[in-house]
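What you are looking at is a predicted structure, and each value in this text was computed from that prediction instead of being measured. Starting from 1, each residue takes its place in the sequence as its number.
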Amino acid sequence: MESILVGVDHSQDSVRAARFAIERAALTGGRVAIAHVVYWSKFAFPTTVENEARPGQVVRERERAKAETLDPITEWAEAEGHLDKIELVSEVLHGRPSEVLADLGQSGDYDMIVVARTRESHLRNAIFGSTVDRLVRHAPVPVVVVP
């Protein structure tokens, strides 16, 4: 049984990547875990006011990710009849997306990671690299990039 980790954000490209993974898993009765990673830097130095506001912000980020991304993907999978064939789980996490996804891949629970191609600017990619580029370089399992 194949186990696929999918990294999603609020983009339609990532929804397409999730659908790809779900359809692939449905062919063999696999498992799909969808992870929405909200960027959070462990190197940030927030102010006292920001620290006090953070718990409420985390709740809002989780609710938004669930309502706008994770629930619609699950509803689509159910409508297509895929939930009868696969195990589908989803979770909202915090951190640097490429690191969080690579760490999850390191856990040994997944055979591959599926993500969508990003539409970040060429200049930004040239200077900093993209999330997908970093993930491909650091993931311990194959990474499938859905165009």
Side-chain angles (χ1 to χ4, degrees), residues 1-44 46 53-147:
M1 176 170 84
E2 188 171 56
S3 185
I4 304 171
L5 172 62
V6 184
V8 299
D9 56 20
H10 293 292
S11 72
Q12 285 303 306
D13 294 331
S14 71
V15 170
R16 193 170 54 255
R19 288 181 176 188
F20 167 83
I22 290 166
E23 289 173 341
R24 178 183 172 108
L27 297 174
T28 60
R31 176 178 184 265
V32 177
I34 302 173
H36 185 288
V37 182
V38 177
Y39 182 82
W40 180 80
S41 174
K42 58 187 171 194
F43 301 110
R54 185 70 184 138
Q57 185 179 4
V58 168
V59 169
R60 287 187 299 279
E61 289 167 347
R62 288 180 187 273
E63 289 172 351
R64 178 178 177 226
K66 190 169 175 354
E68 293 180 10
T69 307
L70 301 176
D71 288 348
I73 292 169
T74 301
E75 291 164 6
W76 171 84
E78 185 173 17
E80 294 293 315
H82 295 312
L83 295 185
D84 297 334
K85 302 171 196 152
I86 67 168
E87 176 188 352
L88 179 64
V89 296
S90 61
E91 186 172 11
V92 179
L93 304 164
H94 287 80
R96 189 173 186 182
S98 59
E99 291 175 5
V100 172
L101 294 173
D103 288 348
L104 288 170
Q106 186 72 39
S107 71
D109 294 338
Y110 302 102
D111 300 305
M112 74 174 67
I113 300 171
V114 174
V115 292
R117 177 183 61 210
T118 61
R119 295 182 186 260
E120 296 170 339
S121 77
H122 295 295
L123 178 60
R124 184 188 184 289
N125 284 346
I127 296 170
F128 301 109
S130 73
T131 297
V132 173
D133 291 336
R134 286 188 299 273
L135 179 60
V136 167
R137 284 194 307 271
H138 299 289
V141 296
V143 176
V144 176
V145 181
V146 176

- Please test F20 against V144 for side-chain contact (heavy atoms from CB on, under 4.5 Å), starting from the C-alpha separation and ending with a verdict. CA-CA 10 Å; F20 167 83; V144 176; 3.9 Å; yes
- Note on the structure: On a heavy-atom basis, the closest approach of P140 and G105 is CG-C, 3.5 Å
- Query: Looking only at heavy atoms, what is the nearest atom pair of V8 and A18, with distance?
  - Reply: CG1-CB, 4.2 Å
- Message: Tell me whether R31 contacts the main-chain N or O of Y110 through its side chain, where contact means a donor paired with an acceptor under 3.5 Å.
- Response: no
- V32 versus A25, closest heavy-atom pair with distance: CG2-CB, 3.5 Å
- Task: Kindly determine whether E99 and R134 satisfy side-chain contact (heavy atoms from CB on, under 4.5 Å), including the steps that lead there.
- Result: CA-CA 8 Å; E99 291 175 5; R134 286 188 299 273; over 6 Å; no
- Message: Taking side-chain hydrogen bond (donor to acceptor under 3.5 Å, both in side chains) as the definition, give me every residue that meets it alongside D111, ordered by chain and number, with sequence neighbours left out.
- Response: none
- Interatomic distance, T69 atom OG1 to I34 atom CD1 [nearest 0.5 angstrom]: 10.0 Å
- Output all residues satisfying side chain to side chain contact (heavy atoms under 4.5 Å, CB included) with D109, sequence neighbours left out; order by chain, then residue number. S107
- Message: How long is the straight-line distance from CG of D9 back to OG1 of T131, given to the nearest 0.5 Å?
- Response: 8.5 Å
- Query: Going from NE2 on H36 to OG on S14, what distance comes out if it is rounded to the nearest 0.5 angstrom?
  - Reply: 7.0 Å
- Task: Scan V100, V145, I113 and name whichever one has a side chain to side chain contact (heavy atoms under 4.5 Å, CB included) with L135.
- Result: I113
- Query: D71: what forms a side chain to side chain contact (heavy atoms under 4.5 Å, CB included) with it, not counting sequence neighbours?
  - Reply: K66, E75
- Query: Where is the tightest heavy-atom contact between A35 and L104, given as atom of each residue plus distance?
  - Reply: CB-CD1, 4.3 Å
- Task: Sequence neighbours left out, what passes side-chain hydrogen bond (donor to acceptor under 3.5 Å, both in side chains) with E2? Give chain and number order.
- Result: R24
Would you list the atom pairs, donor with acceptor, under 3.5 Å between side chains in residues 79-94 and any protein atom, with sequence neighbours excluded?
from: H94; atom 1: NE2; to: E61; atom 2: OE1; distance (Å): 2.8

- Query: So how far is it from L101 CG to R96 CZ, rounded to the nearest 0.5 Å?
  - Reply: 12.0 Å
- Tell me, please, which residues at least two apart from R19 pass side-chain hydrogen bond (donor to acceptor under 3.5 Å, both in side chains). none
